Structure formats: C-alpha cells, structure tokens
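Hydrogens, waters and symmetry mates are skipped; everything else that's a heavy atom, side chains included, is used. Counting starts at 1 for both ligands and their atoms, in listed order. Since the model is a prediction, treat every value here as computed from it, not as a measurement.
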Amino acid sequence: MDMPIETKEGALMLCAKYQDALRWVIYQIYPRSFMDSNGDGIGDLQGIIQKLDYLKDLGVNAIWLCPCYKSPNDDNGYDISDYRDIMDEFGTMADMEALIDVLHSRGMKLIMDLVPNHTSTAHRWFRESRKDKDNPYSDFYYWFDEKPNDWKSVFRGSAWEFDPVRGQYYLHSFAVSQADLNWDNPAVVKAMQEIVDFWIDKGVDGFRVDVVDMISKDLGAGKNCFGPRLHEFIHALFGRENGKNLFTVGECWVTDTDEMIRHCAAERQELTTLFQFDHIEKCGRSDKFSPKPDTLKTLRDHLLHWQQETEKHDLLNTLFTDNHDQPPMISRIANDREKRYESATCVAAMVYLLKGVPFIYQGQEIGRAAAHYDSIECFNDIETINTYRDFCQTMPEKEALERINFGSRDNARHPMEWDGSENGGFTTGKPWIALHSRYREINVKKDLAAERSVYRFYQALLKLRRENDAFLDGKVEALSSPDDAHMIFTRTLNGEKWAVICNFESEQRIELPFACEKPALSNLGRASMNGVYAPYECAVAKVIAGE
Ligand code: NOJ
C-alpha cells in the first residue's frame, strides 16, 4: 500500500507557541481515580467537572487526562479499542464535550492522552487484521511466521504472541492485548492523523503522546524504539497546519540532549516538549522496584543539568516529579513522615520555580506520600501483578510484596483522597481499588483545614509564578555547588531577579551574597532570607535592585 503521508509545511510560528506554553500549569488527572459522580466506584468525566473549581482555585489552567477512550481496561485505558468513543465507565461523548466546554469557559485547556504505539486487540483494526494475510488491515500490525527476535514485553514475558486465528505471531511491547501498530504502513499514519484531527475538531488543546519514541522501530537492528522514521512520523502527526496551536508533550525516554533537540526544537515542527525521565529513574531507586538511600541532592543535580541543557538549546522543559506510573517522589528522597508538609512544599519550590511547564499529578498538591499494603490483593495493575509473580519465583513473598509496595504503579493510582470519610469522599460506592493506606491522615479536607497546608503553598507558589514573568522566562542561575545540602538558584528577567532557597534534610545557616526583600513565599513563614533554615525549609524573595 502506498498512500502518501500528508504533511503540510508552512510558517507554523512554533516559537510563539513555545512562549505561550510557559504560561500553562498542567494538572494530570487519572480519571479512574479522581472523582466518581455516579456511585459505581470508578471516577468519571462528570466527577472531573464537579472538581474544576478546586483545580482553578489551585492555579492550574490546563488538565491532562489519562486515556478516556473505549477500552477493555487491561492497562487501564492504554489499551484502546475505539479512539473515537468514550470508555463506558467514564461517561459519554456528550460528557466529554461538556467537559471541554466547561474547561474553555473557565479559560482552561484540555490535553488528551494519545496512544499511537499500540491498540487493544479488541480494536476493529486488529480484529480485521488477524483474519488473514490479505485484507485492508493485514499490515496494520507486525506479523511474523516465527518470532523474529527475543524482545521482552515491558510487562514481562515475551513481546511476541501467537495468534491462532491468523496463524502468526504479533508484537506487543506491553500487555498481550496491546498489539503494536506498524507505522511503516502509510495507512496507519493516515489513520492516526485522522484521530488527531477528530479530537482537534472536538476542541482539545493538545496531546500527551504515550511512548512516542516507540512508533518507529528497526527490527533488523534490534531497536524497538527511536527507529529511523521516528521524526518523520511525529512530524506527520503534528507538523500540519491544524497542529500549529497544539501543545504536544511526548513521553520519551531520551537521555541525551541531541535526541531532545530532534524531538522538540521549534523549527522541527514535531513536539512542543517532552518528558524525559532521568531524575525519575535515578532519584532514590536503583531500579523501579529497588530503593536506594538518597537525598534531594540527586534531584537538584538532575534538575539543574536539564535546565542548563534546555536553556542552552532554547528547548522547552517539563517540570514534574510524579505521574500515574510513578510512586510519589517525596517518599523516595525526603521525609514523608515527620516532615511531610515541609518535604512536599520544598520539592514543589525546587521543581516548579524552575523554567519549564509545570505538571502536577493529582494528590501532589496535598502532599500525598507512598502507600503501603499488607496484601497483593490490594493491587490491580497488570505490570504489578506480573512482576509480583516473577519476584515470587526468586524471593520470599514478604520481600516480593515490599518491592511491589515500593515500585508499583498502583502507588499512584489510589482514589483521590477528598476527605477522611469511609470512601475518602471519592465515591458513594465501592472503590475499584484500595484507598490510600494513609488517606485518613492525608486528604484534601484535612490539608485545607490545617494551619500549614500543602495546597495553599502550591496555590501561593503558582500565583507568584503567574504574576512574575521572571519565573516564566527568566534566566536560571544555580548558586549551590554539588557538595551543598541545599539548592539555591535565581531567576532573572529584564533586570528583575528572584532568589529561591531550598534547604535539605539538616538544619543549617544560609547566607546569600546579595540583599533580598522579605520572602514572598516561604513554607515555614520566614521573615528574612538569611539565617538558620530548618530541615526542608524553603523561601523565595525578590533580590533588591542593584545587588
Ligand atoms: C506509558 C503509560 O504511561 C503507561 O501507563 C502505559 O501502561 C504504557 N505507556 C503503555 O501504554
């Protein structure tokens, strides 16, 4: 099949888009666990609508919704069976249209999660494809008579599955029911372009693009990601005329700057920005399920490295520590018990006052910490269950459960803790997954009523950022050196300079080499920037002109 790939060149003004994007503050919602409006124990779109005032008050102006499309839910929506319809549990297309309207009427934006690498095997394309070797969808997926290599699925086991209907193996980089699309087939590119167009026509403002680096592969070279046609494909999706105002953020496991440049330098017309996971992978863990003793120093060093790289190459950075695949960062590298409030607020200042687009994952704004469960029955995630099964082959169950508690994605997927009542204020029914083990201690109602509230700190931080352009476009300069147990940096724009001090785990005296006004933001109510800092204390102030 040789359908041409349509890419419309043109003056797309991506630089203007870049500037605009710096003003976005994006809140990530895992819809299944955010708010249930109809008592079935599963979060839904109407539930999100109910909570928009809460989000607007926080100071966010955009939401990223994890997948809401029709799906059998083997991977909680990342296994899509219809990209143009809404998952039954979440509501209807009318609910989605209502959500888009309500967001826009509040001046907020919507980013959908686009999953271009794979579909559910329940998708019509796969059902057609598996029928035989000669139908319009036969080349939509990777089919082979024999396994062409020994690739492993991210969720454990072989990445190849024999399909008895077609009598061949197909590729699934994730669950057996998530078949990888063959992007070398131009009809796949066109089909995905049409899905993007469908959602642009519905009024969405952007896309988070799931494992975007995997859509081009080189089987001959043994590469299941970053294949030779990757950039051609990304450009085909978003480099068209109707993509010029879209905000696109790729989930992309890049580790070097050149790769980042290839994905999101403005002139390339591919992605607005991307998530790279250097700091996620390296802070407080030696691998996903193994903790490593660590401190905020590691986070600081990774953050500053990427600040320098993105600034040098004029790239837009993302600022985030948590998401639906990652247990809370504060539990790995700070003190989520005695100093939970201080840790959560200090990390927020370290991350969200840097240059880039802030992404706040649901629950971060109340200082949610990692949960802990005594039984594997409390977990639901496919990766978690498969990993636990594998672990139990080589270690005692107790140890396996400890590792799962540490690394499971479900540690980020409990129902949002709205209050301390029976079901955490999330549902009137039975929650689809265990409530957070600490939800009576950490919840929105309690945080808002507390003298020291993480939510209110986030609110004040986002206000400061919004009202002072130095925090958006200002140059970042680090004052702390690698051995220091603190992070100090300044943001400077048009002669206006701000200083940010974040102390780490031990009390210490900190003196700045310049004079500052009284702190405009501080998690422990400091009166001046210089002096003794308590563990995880942070403060932000304007530098006095001329200093
Ligand atoms: C990355 C997503 O963040 C994760 O939740 C999902 O399981 C995989 N991609 C597969 O879509």
Less than 3.5 Å apart, any donor N or O on the side chain of [X] or [Y] sitting next to an acceptor on the other?
X    : Y    : result
N149 : W160 : yes
Y361 : Q326 : no
N117 : D180 : yes

message: To the closest 0.5 Å, what do you measure between CD (Q276) and CG (N317)?
response: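 Output value for this atom pair is 7.0 Å.
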
task: Take Y141 and H123 through the test side-chain hydrogen bond (donor to acceptor under 3.5 Å, both in side chains) and record every step on the way to the result.
output: CA-CA 12 Å; Y141 300 85; H123 194 291; 4.7 Å; no

- line: With sequence neighbours left out, the residues meeting side-chain contact (heavy atoms from CB on, under 4.5 Å) with T318 are V249, T273, F275, F320, F359

Nitrogen or oxygen contacts under 3.5 Å, ligand 1 side and protein side:
| residue | atom | partner | partner atom | Å |
| --- | --- | --- | --- | --- |
| ligand 1 | 3 (O) | R208 | NH2 | 3.1 |
| ligand 1 | 3 (O) | H324 | NE2 | 2.8 |
| ligand 1 | 3 (O) | D325 | OD2 | 2.5 |
| ligand 1 | 5 (O) | H324 | NE2 | 3.1 |
| ligand 1 | 5 (O) | D325 | OD1 | 2.8 |
| ligand 1 | 5 (O) | D325 | OD2 | 3.4 |
| ligand 1 | 5 (O) | R409 | NH1 | 3.3 |
| ligand 1 | 7 (O) | D75 | OD1 | 3.3 |
| ligand 1 | 7 (O) | D75 | OD2 | 2.5 |
| ligand 1 | 7 (O) | R409 | NH1 | 2.9 |
| ligand 1 | 9 (N) | D210 | OD1 | 2.9 |
| ligand 1 | 9 (N) | D210 | OD2 | 3.2 |
| ligand 1 | 11 (O) | H118 | NE2 | 2.9 |
| ligand 1 | 11 (O) | D210 | OD2 | 2.7 |

